[in-house]
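For reference, the structure is listed below as structure tokens.
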There are 2 protein chains.
Amino acid sequence: MARIVMKFGGTSMAGIERIRSVAERVKREVDAGNQVMVVVSAMAGETDRLVGFCREASTLYDPREYDVVVSAGEQITSGLLAIALQAIGVPARSWLGWQLPIQTSGTHSKAQIDTIDTEALAASLDGGSVAVIPGFQGVASGARVSTLGRGGSDTSAVAVAAAIKAERCDIYTDVDGVYTTDPRIVPRARKLEKVTYEEMLELASVGAKVLQTRSVSLAMKEKVRVQVLSSFDDKPGTLIVGDDEIEDTTMESHLITGIAYAKNEAKITLTQVPDRPGAVASIFAPLADAAINVDMIIQNIAHSTGSTDVTFTVPSADLARSLDVLEKGQEAIGYKDLVHDTKVAKISIVGVGMRTNAGVASTMFKVLGERGINIQAIATSEIKVSVLIEEDYTELAVRVLHTAYGLDAEEETV
Amino acid sequence: MARIVMKFGGTSMAGIERIRSVAERVKREVDAGNQVMVVVSAMAGETDRLVGFCREASTLYDPREYDVVVSAGEQITSGLLAIALQAIGVPARSWLGWQLPIQTSGTHSKAQIDTIDTEALAASLDGGSVAVIPGFQGVASGARVSTLGRGGSDTSAVAVAAAIKAERCDIYTDVDGVYTTDPRIVPRARKLEKVTYEEMLELASVGAKVLQTRSVSLAMKEKVRVQVLSSFDDKPGTLIVGDDEIEDTTMESHLITGIAYAKNEAKITLTQVPDRPGAVASIFAPLADAAINVDMIIQNIAHSTGSTDVTFTVPSADLARSLDVLEKGQEAIGYKDLVHDTKVAKISIVGVGMRTNAGVASTMFKVLGERGINIQAIATSEIKVSVLIEEDYTELAVRVLHTAYGLDAEEETV
């Protein structure tokens, strides 16, 4: 008898009909002899509605009260799923964050899970009851309600799986797994049977929105076997596992696991930044203070004039604030011009096979060059190469890379 | 410095604009030097939405999980009001049922409040913070969420006021007080400045839906001074107090405090019920088992045939079930015919002055007779006389009684 965690997102919980089919799916795992914990999101749209109320009440809302308000969405679906399970003869009860409890620390509305008490939970499971756990919520010091930040339900699921040492954490979503790239761009994209935590992290960080990055980090740290699969069909999904579980297959398999892209990037260039110690810090410290995530940074060697150009990318949503911060800092930084461009896209190739093969990146540059796609910037990690290109070339770039790295399936994905 | 409880219903909490004006009203009491606890309902319509989800999930829903679901409505508004208060510079925090805690016992979804721990609450009030408390909810044994049943927020407010020995419990509603009768029928109805608990109970039980009966009983038992007033204007409302607080004024004032009516009654008559011990019990025991509230019961002396006719009223909504129960019991009861009539109304006169004045009831019968209104049944309590009449005469009866007992105001109520 195995303990498994099943996590269902907002689309799967949107309305009683869907909650009923979630209950049926849970019943199948119970009937197969498993002890099941279900982590649920709020109904699709509900969290937005509640967040909207808080913002309308005050732009500077107290995060402790925000947590009281927005955690209600998952409280509702957890009670409803427990009712739906009982209705089909499956004993079940809901366990709110403060009831287990799921102890959190850190800022309200962006809390971290510290500990999950599994004593009552394990007893309840052993008693034959399915545990329905609202995702995204916990309880902070002083017995105040806390939440984990948007998308935190994936993290709740992985944390529960880790705490109870579950055999598997199945994340049900509206896609049926992790693909080599976006099938809307490349119809021959293939669903990956397995992917490593690190690959998943890199893919998630560059736009593959299957799982919240934070939940993948936690799964990697706690060695939780995660499976991504669809709530709406019965096909096997994608397993996210450690290196060791796929080492032997990578040898003869693809160097690259997937191609990701992100269009919501903006490029900023500061020209003629003085080439002196501390100059770069004076650019990025104020951006960090403003909580703006700077991604790719390119600084070439200095011109003979003793100055250099610094280029970097920020999320498009943060462009206006970034420009504001930089304009205010012109004197301190000492740059000449501030140039920006929102018509850029970041294309990334990701794969653990890359570690052992030096030629991977050069293939990328060559293939893009052959199609006349200009590379504006390059950033690399151990298992990822990202390039910045003109936005209009996004789809072309993804397609040629997908083919070049041998990822195309024999047939088109339905 | 006084401690007061303010309670706002669903209409007052429907949307952020209204929550903001609730916050302004709370601020005024704080600025006046009071320590304030606010008990809130869910946004108008929200509880119905959540109850609907539960029923849709299963007609036989687990009341413990129902409580998890429906308590979310008040959780949301309590967080939002705390945010709205902070936004106008009033320190505030929400206290959920399990946080105070408000301990309940009895059936889930219809729980009774056992105890309210006021230690943390009092410390928070003394620290200058407004306490926002979701109505309708508590925590049952085993740390499960519980709710008090529909309309339970009034009861929460009175219970909190009793526990903390508040000077006053102000119930803000969409009417501005308790009237001598329904102003839609009698434009010269007067708003009562004061009314006794018992009068309020009798008025509430016969259709004056200003306060939940249960909350009035609790206020009477705990001697909580309750004020009913409007959320939407600043006029004084109606104080609900003990006999002793209005004794001296009743002498020279009206014998009757108010006239109430209820149209949603159905009359049932069983003819030729055997006149023997146990006959009546065989009628009403099965109705009680079916949780049908029988109201007026009239049984006259036996005919010379050794049988009698028994007439009583039930809520119209329960008529079909009542008839079903009675038809199944025909043999056991031994009646001849089962006759029913839904075109009836109950008219009641209520007043503590009635106790000391024997002629009050006869005035009622005389006035109605003069207008040709036939009295089908009569029931009396110490401070109330109710008669059953043909429904079409409802408004006429209310008007003539209002005038006969000297309740008409000099001018019409706006």
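Quick caveat, the model's predicted, so the values are computed rather than measured. Lettering of chains follows the sequences in order, A, B, ..., and the numbering in each one begins at 1.
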Result for salt bridge (Lys or Arg N to Asp or Glu O under 4.0 Å) between A/R25 and one of A/D234, A/D170, A/D233, A/D31 points to A/D234
Applying a strict 4.5 Å limit to non-hydrogen atoms, the region of A/L80 in contact with chain B is both
Residues 50-65 of chain A vs chain B, non-hydrogen distance cutoff under 4.5 Å, contacting residues -> A/L50, A/F53, A/C54, A/E56, A/A57, A/S58, A/Y61, A/D62, A/E65
For residues 85-114 of chain A against chain B, heavy atoms under 4.5 Å, the residues are A/Q86, A/A87, A/A92, A/R93, A/S94, A/L96, A/W98, A/Q99
I'd like to know if the side chain of B/T173 reaches the main chain of B/S230, judged simply by a donor and an acceptor atom lying under 3.5 Å from each other, with no hydrogens or angles considered.
no
Hey, is the main chain of A/G10 close enough, under 3.5 Å, to the side chain of A/R18 for a donor-acceptor pair? no
Assess the side chains of [X] and [Y]: does a donor N or O sit below 3.5 Å from an acceptor N or O?
X: B/S12; Y: B/S231; result: yes
X: A/D67; Y: A/T147; result: yes
X: B/Q75; Y: A/S71; result: yes

When you look at B/E29 and B/R3, which way does the salt bridge (charged side-chain N to carboxylate O under 4.0 Å, His left out) test go after all the steps?
CA-CA 10 Å; B/E29 295 288 357; B/R3 282 179 175 163; over 6 Å; no
Quick one: does A/M6's side chain get under 4.5 Å of A/Y172's, heavy atoms only?
yes
Cut-off 4.5 Å, heavy atoms of chain A, and the answer for B/V145 is both
Separation between CD1 (A/I164) and CD1 (A/I4), nearest 0.5 Å, reads 12.5 Å
Rounding to 0.5 Å, atoms CZ (A/R168) and CD (A/Q227) come to a distance of 5.5 Å
